[in-house]
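Below: the structure, in structure tokens.
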Amino acid sequence: QVQLVESGGGSVQAGGSLRLSCVASGYLHDNTCMAWFRRAPGKEHERVANIYRYDGSTYYADSVKGRFTITQDKVKNTVSLQMNSLKPEDTAMYYCAARMTSDNGVCFRSAWDVFTYTGQGTQVTVSS
């Protein structure tokens with residue numbers, strides 16, 4: 001069993017930065033796909049970024065490319081999301097998620113509902 005706990009959310013002004021962290025308890029196999037999703041009020045979960053634990057390969061949604069960076073620390077079982085140049089449209093609850101897959105392509109195409117483990121979320125609010 002894996003538990004995911006997010007932290008680092010908060011309120012910032014447009015143009016500011018935040019760093020989200022997701023700590024995983026329990027064993028994470030190298031074939032683990034880690035992801036950050038977000039959900040704004042009244043909207044569906046949106047994939048933000050993925051990282052494939054085995055080789056550290058990454059995927060970013062077009063809406064965050066060039067502004068957000070996903071990284072991992074395999075020793076600490078932590079995945080982080082550095083968010084720069086934040087915009088009001090980045091306001092959402094941000095969730096960490098994990099699932100097993102042997103293919104990083106599958107990892108990068110995985111929708112929210114196929115992830116096995118998800119955290120409780122951390123709120124990010126960006127004001128204009």
Rounded distance (nearest 0.5 Å) linking atom [atom1] of [X] with atom [atom2] of [Y]:
X	Y	atom1	atom2	result
T32	I51	OG1	CD1	12.0 Å
M34	K74	CE	NZ	12.5 Å
N50	R109	CG	CZ	11.0 Å
L81	L18	CG	CG	10.0 Å
S7	R19	OG	CZ	10.5 Å
Y54	N104	OH	CG	11.0 Å

* Asked: So if you build clusters from Ile, Leu, Val, Met, Phe, Trp, Tyr with side-chain heavy-atom gaps below 4.5 Å, do V12 and M83 land together?
  -> yes

* To do: Please answer: with hydrophobic residues joined when any side-chain heavy atoms are less than 4.5 Å apart, are Y59 and F37 in the same cluster?
  => no

* **Evaluation steps, side chain to side chain donor-acceptor pair (under 3.5 Å), between N31 and S102** => CA-CA 5 Å; N31 287 353; S102 59; 5.4 Å; no

Do [X] and [Y] have side chains that approach each other closer than 4.5 Å (heavy atoms only, starting at C-beta)?
X	Y	answer
V48	F68	yes
Q13	V126	no
M100	C33	no

Checking the side chain of [X] only, and the main-chain atoms of [Y] only, is there a donor and an acceptor separated by less than 3.5 Å?
X	Y	answer
T91	T125	no
Q72	R53	yes
D73	K76	yes
R47	F108	yes
E6	C96	yes
Y52	T101	yes

* Asked: CD of Q123: more than 12 outside heavy atoms within 6.0 angstrom?
  -> yes

* Under 6.0 Å from the CD atom of Q120, do we count more than 12 heavy atoms belonging to anything else shown? -> no

* **Stepwise side chain to side chain contact (heavy atoms under 4.5 Å, CB included) check, Y94 with R39** => CA-CA 7 Å; Y94 283 70; R39 188 173 187 181; over 6 Å; no

* Apply the test side chain to side chain contact (heavy atoms under 4.5 Å, CB included) to residues V64 and W36: give CA-CA distance (whole Å), side-chain angles for both, the deciding distance (0.1 Å), then the verdict. => CA-CA 12 Å; V64 306; W36 284 98; over 6 Å; no

* Taking atom types as modelled, is there a side-chain donor on S63 or E46 under 3.5 Å from an acceptor on the other? -> yes

* **Residue pair S110 / R99, side-chain donor-acceptor N/O under 3.5 Å** => yes

* To do: I would like to know whether W112 and Y95 meet ring pair (Phe, Tyr, Trp, His ring centres under 6.0 Å); could you show each step before the answer?
  => CA-CA 10 Å; W112 170 258; Y95 298 90; 5.4 Å; yes

Shortest non-hydrogen contact from [X] to [Y]?
X	Y	answer
A92	A40	CB-N, 3.8 Å
L4	A24	CD2-CB, 3.6 Å
T69	Y60	CA-OH, 3.3 Å
D103	G105	OD1-N, 2.6 Å
P88	A14	CD-CB, 4.1 Å

* **D62 with K65: basic N within carboxylate O range, under 4.0 Å** => yes

* Asked: Where do D90 and R67 land on the side chain to side chain contact (heavy atoms under 4.5 Å, CB included) test, with the steps shown first?
  -> CA-CA 11 Å; D90 294 319; R67 300 188 298 122; 2.7 Å; yes

* To do: Step by step, work out the side chain to side chain contact (heavy atoms under 4.5 Å, CB included) result for V79 and I70.
  => CA-CA 7 Å; V79 174; I70 187 170; 3.8 Å; yes

